[in-house]
Q: 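First the structure, which I've put down as structure tokens, then a few questions once you've had a look.
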Amino acid sequence: MNNPLPFRIRVAVPVPIHEYFDYEVSAQQYADIQAGMRVTVPFGRQTCVAIVIEKVALDVPPSTQFKLKKIIQILDEQPLIDPHILQLLTWSAQYYMYPLGEVIQSALPTRLRQGHHYDCVTTQWQLTPLAHEENTLKQLKRSEKQRLAVEYIQTHPHGVLETELNLHGISTATLKALEKKQLVQQNEVQIDFSRKPVGLAEKQLTANTEQLQALEQIVPTLQNYAGYLLDGITGSGKTEVYLQVMWQVLKQNKQVLVLVPEIGLTPQTIARFRARFDCHIALLHSGLNDTKRLHAWQQAQTGQAGIILGTRSALYTPIPDLGLIILDEEHDLSFKQQEGFRYHARDVALYRGYLAKCPVILGSATPSIDSFALAKQGKLKHIMLNQRAGHARMPKMQILDLKIAPKQHGLSLILIEKIKATLQQGQQVLVFLNRRGYAPVLMCESCAWQANCPRCDAHFTLHTQPYQHLHCHHCGLIQTLPKQCPACQHPTLKPIGLGTVKIEEGLKELFPEHDVLRVDKDSTRHVGSLEKIYAQIHAEKPLILLGTQMLAKGHHFPHVSLVAILDIDAGLLSVDFRAPERTAQLITQVAGRAGRGDYHGEVILQTLRPEHPILHTLLEHGYRTFAEQTLKERETACLPPYRYSILIRSDAKNEQHNLAFLSQNAKLLTDNAQQSVDVWGPIPAPMQRKAGKYHAHMLLLASSRVQLHHYVKHWWQYVRATAPSDIRLSIDVDPQEFG
DNA sequence: AGCACGCCGACT
DNA sequence: GTCGGCGTGCTC
């Protein structure tokens, strides 16, 4: 009597559980199903969308522990997730010790994860017959945007894709407005699966000797995996190298994935690619709505898009003919996800390139110490670009000791003189201060009481715009200003320290005849305001540009010849072992904004710690020497990248509970792992109390990655399972920040 | 994560 | 007497 075993599939369910789940399917379903398809399954008391990981081999007996349920239905005819991506996702889940179901979840566009059908339709727009009548277009005189939109659509009588219009800076809102006026109409069209041959929109620029050498190294390896660190000083033309390698790849009808930092995906970036290549670009960033994200994803998956341009989350986009991955500004922290599934797009990108057998180029003017180390080990090929394009020379840097310098409005008099001289020469000045708001502290003049956030271990920041208020930058709490000191009733509360708004006030007073443009999260909150500011900067007119790190990222300011860095002391004093690296990158990046045109730029650095060794290394020898030294120091101190690390974070309402729980489990780990894993801590987090919770963490270090991951994986499973419910835990493999 | 079951305070 | 607070336990 043979009682055949049931047909089963193994699926990942979008819940925070590390295990896979098995379901019964019919013989027909078993034949039809492939890994990467979506199925709906009964799960507990709900039904949910799950991803098929594998078919269970027919001779494996089912576990008697569970009663096997049947799936409800198969949602896809073809695998939604191709084998490469599925492997990339399972590897990521393993490596970052995060449940696969949730990892897949975060990689899928919302609509697909909700179980919607995979329709390959997208929206296109065309003019209505009404729009062709002569006088109807005259009513658009008052709207520049709508007129431009109509003019563009006019050149495509058969309709033009909404995504393409968006890439041209024509927003969906504008199109909707025109639709209301019955001048344009939308219709749904099938995504065109065929990729058209890619053309060059603009003539290729010629490469200089260094760029040519870089190309000669990269281009012959296009058919295979290779990791490159393109280490080029600001202005050395990394982008030109990217573009020329991209052309070689696109020409072969392959696709290119370009990853940029969160803040780097601006209209200018897109325009640069559009200007060079005549091909479809799929844009993937956090600001997209569900439908647009799905469309971009499908354009990548069907092969319609030649270039896939996006931020961190675009890494898991399916790209059937992937021929090249570029990750620009590879040192940027936004490539590491800072919550939940804490993956590092840089590291996963290297693995993706390996799976897809294509090169991966990591580019930066200030490479991360980790990438430097990989280059030293030969795991990345180090390509250096040292010449600035055109006539530009590196700016000269100078340190100003704030302890002895006489100052006014937080600016030393020497700096004020230099600003004056620069403006008089008709050039622009960039003032960098990494602190928004008016002042970081509000203090009572009489008793030294300070306005602190009741929920965090932090000062309130005083804001004066759009109205006076206290704002906690850590938990977001907003309060009104007390009329007098709550402790001693003294009427005068004094702002202490400098924020961008206060400096703006000072600069306007000192240079009333010049424009002062402030660029920070507060001044650029409204859409389009940043574009307006950039337009002013590109007009060749003397002005002062003032802002936070937003200014340090990517943008070119051709008319800036003086850069003032007001306060980076916090970065010099931090206990985080990566703080020097980040500070050095920030200084170098900000300094790189100067002297890009034909002027010889100058950089002034105001500090209370003029003797700090980081500053001297940077000034006298530059970033690369700093990186070399830092590497040596890390080696001596047995820190990453010479050891591998995992950070365990926990928070709870009760401080003692939290620390006791971590200590107890730390002992468990050291008992088990013997000498191979080193535990630092647990210690209270740098900001212990945040939003009313107590935060603590401990760092696990080992010289062998395999051993570290082995021990921690088992330990973590156990800790998670046994943790009391008042303690929230998270794991961070290869942590970058200790906040 | 959901969603249930389950045991203790203020209400028609 | 109930309605409902959210503590803990499970999901093939």
Side-chain angles (χ1 to χ4, degrees), chain A residues 3-27 29-30 32-75 86 89-90 92-94 96-116 290 313 337-343 649-654 656-658 660-661 665 691-694 716-732:
Chain A
N3 192 9
L5 294 174
F7 293 101
R8 280 159 299 146
I9 54 165
R10 187 151 292 166
V11 303
V13 178
V15 290
I17 301 172
H18 282 88
E19 288 77 37
Y20 298 145
F21 293 84
D22 290 355
Y23 283 87
E24 188 178 342
V25 292
S26 67
Q29 286 173 325
Y30 191 80
D32 292 343
I33 269 175
Q34 290 176 53
M37 288 180 174
R38 292 172 303 163
V39 291
T40 43
V41 295
F43 187 72
R45 286 159 194 83
Q46 10 165 188
T47 63
C48 52
V49 178
I51 303 293
V52 179
I53 302 305
E54 60 183 1
K55 301 187 193 188
V56 180
L58 291 175
D59 52 356
V60 178
S63 163
T64 49
Q65 247 179 298
F66 320 105
K67 59 177 198 302
L68 208 56
K69 288 188 185 173
K70 288 191 170 76
I71 69 162
I72 296 168
Q73 64 167 328
I74 306 175
L75 290 174
L86 197 57
L89 289 165
T90 39
S92 304
Q94 290 269 326
Y96 292 102
M97 300 187 200
Y98 210 71
L100 178 61
E102 290 200 297
V103 169
I104 292 177
Q105 191 81 157
S106 66
L108 282 183
T110 323
R111 290 181 61 79
L112 294 176
R113 100 171 69 121
Q114 287 164 347
H116 282 96
D290 297 348
S313 63
Q337 180 137 317
Q338 288 299 353
E339 58 190 37
F341 168 39
R342 297 172 181 261
Y343 66 102
R649 284 173 236 257
S650 72
D651 64 83
K653 288 215 178 82
N654 183 310
Q656 288 314 316
H657 253 181
N658 199 9
F661 176 78
N665 282 296
K693 288 251 183 114
Y694 287 92
W716 176 240
Q717 301 259 357
Y718 172 81
V719 175
R720 271 174 53 96
T722 56
S725 62
D726 62 322
I727 293 179
R728 274 190 19 194
L729 284 164
S730 72
I731 187 165
D732 190 349

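In the text below, chain A, chain B and the rest are named by the order of the sequence lines, each starting its count at 1.
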Q: So among A/Leu108, A/Val39, A/Leu100, A/Val11, which one has a side-chain contact (heavy atoms from CB on, under 4.5 Å) with A/Ile51?
A: A/Leu108
Q: Remember a base hit wins even if backbone is also touched, and classify A/Pro42 as base, sugar-phosphate or nothing at under 4.0 Å, heavy atoms.
A: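 Sugar-phosphate, backbone atoms only, no base.
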Q: Is A/Ser725 near enough to C/dT8 that one of its side-chain N or O atoms lies under 4.0 angstrom from OP1 or OP2?
A: yes
Q: Can you tell me how far C1' of B/dC5 sits from CD of A/Gln46, to the nearest Å?
A: 15 Å
Q: Out of the candidates A/Tyr23, A/Tyr20, A/Phe21, only one should pair with A/Arg10 under the side-chain contact (heavy atoms from CB on, under 4.5 Å) rule; please name it.
A: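 For A/Arg10, the side-chain contact (heavy atoms from CB on, under 4.5 Å) check succeeds only for A/Tyr20.
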Q: Without decimals, in angstroms, what is the distance between A/Glu102 CD and B/dA1 P?
A: 7 Å
Q: How many whole angstroms separate atom NZ of A/Lys653 from atom P of C/dG7?
A: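 One finds 9 Å between P of C/dG7 and NZ of A/Lys653, rounded.
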Q: Rounded to the Å, how far apart are A/Arg720 CZ and C/dC10 P?
A: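 Nearest whole value for this atom pair: 15 Å.
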Q: In whole Å, I'd like the distance from the CG atom of A/Leu100 to the C1' atom of B/dA1.
A: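 In whole Å, B/dA1 C1' lies 16 Å from A/Leu100 CG.
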Q: Taking CD from A/Gln65 and C1' from C/dT11, how many angstroms apart are they, rounded to a whole number?
A: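 Nearest whole value for this atom pair: 13 Å.
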Q: Check whether any side-chain heavy atom of A/Val49 sits under 4.5 Å from a side-chain heavy atom of A/Ile104, and report yes or no.
A: no
Q: Show the nearest heavy-atom pair for residues A/Lys70 and A/Pro42, with the distance to one decimal.
A: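 Closest approach of A/Lys70 to A/Pro42: O-CD, 3.2 Å.
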Q: Hey, can you tell me if A/Tyr30 and A/Phe7 have their rings parallel, tilted or perpendicular (30° and 60° cut-offs)?
A: tilted
Q: Once you round it to whole Å, what is the distance between C1' of C/dC12 and CD1 of A/Ile72?
A: 13 Å
Q: From the set C/dC12, C/dT11, B/dA4, return the single nucleotide nearest to any side-chain atom of A/Ile17.
A: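 That would be C/dT11.
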Q: Less than 5.5 Å between centroids and less than 30° between ring planes, does A/Phe66 satisfy that with C/dC12?
A: yes
Q: Among B/dA1, B/dA4, C/dT11, find the nucleotide with the atom closest to the side chain of A/Phe21.
A: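 For A/Phe21, the side-chain atoms sit closest to C/dT11.
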Q: Which whole-number value in Å describes the distance from A/Lys69 NZ to C/dT11 C1'?
A: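 After rounding, the reported distance stands at 7 Å.
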Q: Using a cut-off of 4.0 Å on non-hydrogen atoms, how would the nucleic acid contact of A/Tyr23 be classed: base, sugar-phosphate, or nothing?
A: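 Answer is sugar-phosphate: A/Tyr23 comes under 4.0 Å of backbone atoms only.
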Q: DNA chain C: A/Lys70 or A/Arg45, which has the more 5' nearest nucleotide?
A: A/Arg45
